[in-house]
Protein chains: 2
Amino acid sequence: MTIKEVCQKYNVTPDTLRYYERIGVIPEVHRTPGGIRDYNEEDIKWVETATCFRSAGMPIELLIEYVKLFKEGNNTISARCELLKEARERILEERRKYDEALEKMNYKIRVYEKAVKTGFLEWDDDSNCCSYNKQKEKE
Amino acid sequence: MTIKEVCQKYNVTPDTLRYYERIGVIPEVHRTPGGIRDYNEEDIKWVETATCFRSAGMPIELLIEYVKLFKEGNNTISARCELLKEARERILEERRKYDEALEKMNYKIRVYEKAVKTGFLEWDDDSNCCSYNKQKEKE
DNA sequence: ATACACCCTGGAGTTTACTCCAAGTCAATG
DNA sequence: CATTGACTTGGAGTAAACTCCAGGGTGTAT
């Protein structure tokens, strides 16, 4: 599979995939005799993992560490497991923050939608909302 | 409330809060006669909103836009509502990616934990996992 | 065999979101 | 009233993660 095809599949640019390979986010990719990248199934799985973890905000540094451990072989299995567990904790924590933001957003959207209908913008007193200039906001 | 206290409350640095104010992520903060920032309740709510939305990955550009609309007054209420709805869609999409990554991670962790116990590392054939060098991995 | 699209490398440049700094001001304390 | 420490500004610097580019090679269709 050419770099272009892999890029389409995972919605990244060729520059990004070459960059990932160069710095060790994925292991070296198989090449044609002419030196052109020809991603095999394993290569593609690494790309899938890298793009998936990256889009969940896992830092590149951690992915590099993971690939480094992987290349060292079987005596790094528990280290890899620990690395993933720590990464999981981080991501869970991030997701918790996302949920908090979503809650705040939902509240604001509800208030604004009501305001669009009624013409009155009313925030709860302790709602941690953007109620600066509250008097002016109420028509 | 001093900048330092607000920073402790929301776990950011004074530089960050001053930066937010300078570029319009939050409106201008109340000052003492001497010119020192003295955050009142509204100011603090803006900080809370900004830090909350930022930690969910909402780009600064959008927050600036939101504050700009807010400053323009009541005729931007529906625009603000639309902005928040779009932001919510983005964040929901991001969270979906987080869930996908968590699923992949959980699978890998399960396999590694089993390997630590049994000494055999076995990936499902179509598990999109880092099975490159599969032969070597099985002891 | 030559045109054309695509690929290669190494290195420089860009974007986003801070983060640091110098030079100066403010305010509480001894 | 001087010292100490926190605050101010504008501007420069930094980190992470790409993104772009020049100069050149590959491969396939006519």
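Chain letters run A, B, ... following the sequence lines, proteins first and then strands; every chain starts at 1. Bear in mind the structure is a predicted one, so any value in this text is a computation, not a measurement.
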* Give a yes/no on whether any side-chain N or O of A/T16 is located under 4.0 angstrom from OP1 or OP2 of D/dT19. => yes
* Euclidean distance, atom CG of residue B/L17 to atom P of C/dC18 [Å, nearest integer] -> 10 Å
* Asked: Given atom CD of B/E61 and atom P of C/dA17, what is their separation to the nearest angstrom?
  -> 8 Å
* A/Y20 vs D/dA17: side-chain N/O to OP1/OP2 distance below 4.0 Å -> no
* To do: Starting at atom NE2 of A/H30, determine the distance to atom C1' of C/dC7, rounded to an integer number of angstrom.
  => 16 Å
* Residues which pass salt bridge (charged side-chain N to carboxylate O under 4.0 Å, His left out) with A/K114, listed by chain and number, not counting sequence neighbours -> none
* Using atom CD1 of B/I64 as one end and atom C1' of C/dA17 as the other, report the distance to the nearest whole Å. => 11 Å
* **Footprint string (nucleotides 1-16 of chain D, 5' to 3'): B base within contact, S backbone only, - free, heavy atoms under 4.0 Å** => ------SBBBB-----
* Structure fact -> Sequence neighbours excluded, the answer for ring pair (Phe, Tyr, Trp, His ring centres under 6.0 Å) partners of B/Y39 is none
* Out of A/V6, A/V47, A/D38, A/D43, which one pairs with A/V29 under the side chain to side chain contact (heavy atoms under 4.5 Å, CB included) rule? -> A/D43
* Structure fact -> Across all chains, not counting sequence neighbours, the ring pair (Phe, Tyr, Trp, His ring centres under 6.0 Å) partners of A/Y20 are none
* Asked: What's the CG-P distance between A/L63 and D/dA17, to the nearest Å?
  -> 9 Å
* Structure fact -> Residues passing the salt bridge (charged side-chain N to carboxylate O under 4.0 Å, His left out) test with A/E61, sequence neighbours excluded, are none
* To do: Kindly write out the residues that satisfy side chain to side chain donor-acceptor pair (under 3.5 Å) with A/R54, not counting sequence neighbours, or none if the list is empty.
  => none
